[in-house]
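A short write-up of the structure that comes next.
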Amino acid sequence: MDLNNLSANWKKLQATLGTKANSTLTKSSKHGVKRKREVVQHIATHSRAENPKPRKRSRPYTVMALDGDGSTEPLSIQELESRENLPRPRLPARSSSQKVNTGLSPEVEIGRYVALDCEMVGVGPNPDRESALARVSIVNYNGDQVYDSYVLPLETVTDYRTHISGISQSHMKSARQFKEVQMEVVKILKDRVLIGHAIRHDLEVLMISHPHRDIRDTARHPPYRKLAGGGSPRLKILASELLGFEIQQGEHSSVEDARACMLLFRKDKSVFEREHSKRWPAQPPPERQEDAEEQKKPRKHKKKKKRKH
């Protein structure tokens, strides 16, 4: 075997193999990125099909305290009442502890602000025009039921207005005497701010009075009256438009209406108080008031005594 010829043939083979290898590398360098990208996309598609990404579940809407400040700790009535700027409130769900006709709820903190609403029945020969008290409900600033009672009307009922009032003759079996309810309501309202819708009608059927300075009426609130074209707005419309929930669907509930009044007051509390202060300016404390009265009195000039010479 000729080693020289072998080495020459070997060199030709190596040169041929080197040329093919370079051409293969050139082609792969041109399309290497594209091929790599295609492979990656294929693997990603395959992995998604086998292991689909779970969708994030939206958190269910839960109603906490009416303030909704992000805190899960219960707030006292005083803390709630001291807040001026509150977010849009929602009507809280009724709890099982809030029962009809339970009278005074001693475990509920009353606080400074209370909302009152009454249900009435028709009496006398014109039951559409003449009304008598048949139920009264009071809630605190947080919407908790403070008081609820059926009331025996003082006159003969000629129309229970059940389709509106929710009162029927069967409710009168467990109703309390008018005087008893009247005295309990007076005790609750004493030295407190009263919120209601057209509250004068409720006070009239209760046959009681309350200082005008301590009344906040959602039916007389100027911004709310604008929504009704300058007239008295309906509580049902205000609740729907401003609070986002429906009330008075069929039979009315005085507890529900009282809560709606309180929420409307809380929603616009700062404006309520500003409008109220224009009509009822803050009075000075008793001591300062006496000093002011003393200053208004004309001063008596003392006569100078003549000196004896």
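One is the number of the first residue; the rest follow in order along the sequence.
- In this structure, a donor-acceptor pair under 3.5 Å is absent between the side chains of Thr102 and Asp148.
- With Asp217 contributing its side chain and Ala219 its backbone, the two residues share a donor-acceptor pair below 3.5 Å.
- Taking each heavy atom of Cys261 and Ile195 in turn, the nearest pair found is O-CG2, 3.7 Å.
- Using a 3.5 Å distance cut-off with no hydrogens or angles, the side chains of Asn101 and Arg135 do not pair a donor with an acceptor.
- Nearest heavy atom pair, residue Ser168 against residue Ser170, reads OG-OG, 2.8 Å.
- Around the CZ atom of Arg220, the shell of radius 6.0 Å holds no more than 12 heavy atoms that belong to other residues, nucleotides or ligands.
- No donor-acceptor pair closer than 3.5 Å links the side chain of Ser240 to the backbone N or O of Ile237.
- Leu235 and Ile164 are assigned to two separate hydrophobic clusters, defined by single-linkage of ILVMFWY side chains at heavy-atom distances under 4.5 Å.
- Between the side chain of Arg216 and the main chain of Leu194, no donor-acceptor pair closer than 3.5 Å is present.
- For the atom pair Ser165 OG and Tyr160 OH, the distance stands at 10.0 Å (nearest 0.5 Å).
- Closest of all the heavy-atom pairs between Ala115 and Met262 is N-CE, 3.6 Å.
- Put simply, the side chain of Val185 reaches to within 4.5 Å of the side chain of Val136, judged on heavy atoms.
- Here the CG-CZ distance, from Leu152 to Arg176, works out to 10.5 Å after rounding to the nearest 0.5 Å.
- Note: His252 NE2 to Lys236 NZ = 7.0 Å, rounded to the nearest 0.5 Å.
- Between Tyr224 and Phe272, the ring planes are perpendicular. Angles over 60° get that label, and only those under 30° would be called parallel.
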Residues Leu238, Leu227; criterion side chain to side chain contact (heavy atoms under 4.5 Å, CB included); working and verdict: CA-CA 9 Å; Leu238 291 177; Leu227 296 176; 4.1 Å; yes

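- One distance of note links OG of Ser232 with NE2 of His221; it measures 13.0 Å at 0.5 Å rounding.
- Under the 4.5 Å side-chain heavy-atom criterion for Ile, Leu, Val, Met, Phe, Trp and Tyr, Phe178 and Met183 are members of distinct hydrophobic clusters.
- Hydrophobic clustering (side-chain heavy atoms under 4.5 Å, transitive across Ile, Leu, Val, Met, Phe, Trp, Tyr) groups Val205 together with Val186.
- Looking at heavy atoms from C-beta onward, Pro153 lies out of side-chain contact with Leu133 at the 4.5 angstrom threshold.
- More than 12 heavy atoms of other residues, nucleotides or ligands sit less than 6.0 Å from atom CD of Gln249.
- Annotation: side chain of Asp268 is in contact with side chain of Pro223 (closest heavy-atom distance under 4.5 Å).
- Residues Leu243 and Lys267 have side chains in contact (heavy-atom distance under 4.5 Å, counting atoms from C-beta outward).
- In this structure, the separation between CZ on Arg213 and NE2 on His276 is 7.0 Å, given to the nearest 0.5 Å.
- By the criterion of side-chain heavy atoms lying less than 4.5 angstrom apart, applied directly or through intervening Ile, Leu, Val, Met, Phe, Trp or Tyr residues, Ile188 is grouped together with Met207 in one hydrophobic cluster.
- Tyr113 places a side-chain heavy atom less than 4.5 Å from the side chain of Lys269.
- A heavy-atom distance below 4.5 Å is found between the side chains of Leu206 and Cys118.
- For the residue pair Glu119/Ser254, the side-chain donor-acceptor check at 3.5 Å is not satisfied.
- With hydrogens and angles disregarded, no donor-acceptor distance shorter than 3.5 Å links the side chain of Glu155 to the backbone of Ala132.
- The backbone N or O of Gly143 sits less than 3.5 Å from a side-chain atom of Asn140, completing a donor-acceptor pair.
- Taken together through direct or relayed side-chain contacts under 4.5 Å among Ile, Leu, Val, Met, Phe, Trp and Tyr, Ile208 and Leu104 form part of one hydrophobic cluster.
- In terms of modelled atom types and a separation under 3.5 Å, the side chain of Tyr141 and the main chain of Ile110 share no donor-acceptor contact.
- Proximity of Asp257 to Ile247: side-chain heavy atoms (C-beta onward) are separated by under 4.5 Å at one or more points.
- Checked by atom type and distance alone, the side chain of Ser105 never pairs as donor or acceptor with a backbone atom of Glu107 at under 3.5 Å.
- For residues 178-206, the side chain to side chain donor-acceptor pair (under 3.5 Å) pairs, not counting sequence neighbours, are Tyr147-Glu184, His197-Thr218.
- A salt bridge does not link Arg161 with Asp128: every distance from a Lys NZ or Arg NE/NH1/NH2 to an Asp or Glu carboxylate oxygen is 4.0 Å or more.
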When you look at Met172 and Ile167, which way does the side chain to side chain contact (heavy atoms under 4.5 Å, CB included) test go after all the steps? CA-CA 8 Å; Met172 296 299 101; Ile167 307 294; 3.7 Å; yes

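- Taking CD1 of Ile199 as the start and CG of Leu116 as the end, the distance is 5.0 Å to the nearest 0.5 Å.
- Residues Val255 and Arg259 meet the side-chain proximity criterion, which asks for heavy atoms closer than 4.5 Å.
- With Ser137 contributing its side chain and Ala258 its backbone, the two residues share no donor-acceptor pair below 3.5 Å.
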